[in-house]
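Read the numbers this way: they start at 1 and go in the same order the structure lists the ligands and their atoms.
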Amino acid sequence: MAQDRAAALAEIAAQVRPCTKCELHLSRTRAVPGAGNPNSEIMFIGEGPGYHEDQQGLPFVGRSGDYLVSLLKLIGLTRDQVFITNVVKCRPPGNRDPLPDEILTCKPYLDSQVDIIDPLVIVTLGRFSMARYFPGAKITQIHGKPKYENGRAYYPMFHPAAALRAQALMPQMEADIKRLQEVIAKVKDMRAAGAAPAEAPKDEPPPTQLLLF
Ligand code: URA
Ligand code: SF4
């Protein structure tokens, strides 16, 4: 399974790197498919690559990334232990917001990554990934409040760049990341108690556990 996930993610990355499906391919240096542990319990979804990400082909390697890594450290994690990606895989020129049609065109890649990793928790960083799971919500009202659905938690956090701009948000960012451990434990309990996994494997018989009941 570990091998399968890594191979499946590598296959997505191989499709993303030469992708020309939306206009963002015209101005990018490198596409940024995402990086990290294919078997991570936590998946972070940001907005889109910035300057440094575009140069290196890796997510969250600039200032926002440094800050995200410092937050992860508070809960004993490194960037390699989690999986980090973005709503759009190519840098919007001048770091403008990604457009709705760009997000929609890029969506199948992110959908596949979520299916493959099947994380216990999806942490949304910023407005555009939050909108996938909390349409119409306001981050100031819902940050740090998990939504449990189909054996998974969706957990909205401020974007690290927002906290770097408005440092008064930093204590909230720290409190929110620390709460992740409790959220993960709750999802594990839910899954152990028989909540269906968020993405049931398609071509497999039901798990033996279910057959016992
Ligand atoms: N901001 C994002 O949303 N994603 C990155 O990868 C880097 C900065
Ligand atoms: Fe393709 Fe997504 Fe890049 Fe657009 S942003 S070119 S859809 S990988």
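Counting heavy atoms closer than 4.0 Å to ligand 1, residue E47 contributes atoms from both its backbone and its side chain.
With T85 contributing its side chain and F44 its backbone, the two residues share no donor-acceptor pair below 3.5 Å. A distance-only check finds no donor-acceptor pair linking the side chain of N95 to the backbone of G50 [under 3.5 Å]. Counting only distance, with no hydrogens or angles, the side chain of Q113 and the backbone of P33 share a donor-acceptor pair below 3.5 Å. Using modelled atom types, no side-chain atom of K73 and backbone atom of L68 make a donor-acceptor pair closer than 3.5 Å.
Looking at G50 next to ligand 1, no N or O pair under 3.5 Å apart turns up. Some N or O of G48 is nearer than 3.5 Å to an N or O of ligand 1, by distance alone. Residue S64 has no nitrogen or oxygen atom sitting less than 3.5 Å from a nitrogen or oxygen atom of ligand 1, judged on distance alone.
Annotation: protein N, O or S atoms under 2.8 Å of atom 3 (Fe) of ligand 2 (waters excluded) comprise C90 SG.
Heavy atoms of H52 stay at 4.0 angstrom or farther from ligand 1.
The H159 neighbourhood of ligand 1 comprises atoms 1 (N), 2 (C), 3 (O), with distances under 4.0 Å to a heavy atom of that residue.
Counted within 6.0 Å of CD on E23, heavy atoms from surrounding residues, nucleotides or ligands total 12 or fewer; the atom is thus considered open.
Using a 4.5 Å cut-off on side-chain heavy atoms (C-beta onward), I122 and S129 make no contact.
Placement of V16 and V32 in two distinct hydrophobic clusters is found when ILVMFWY residues are connected by side-chain heavy-atom separations under 4.5 Å, directly or transitively.
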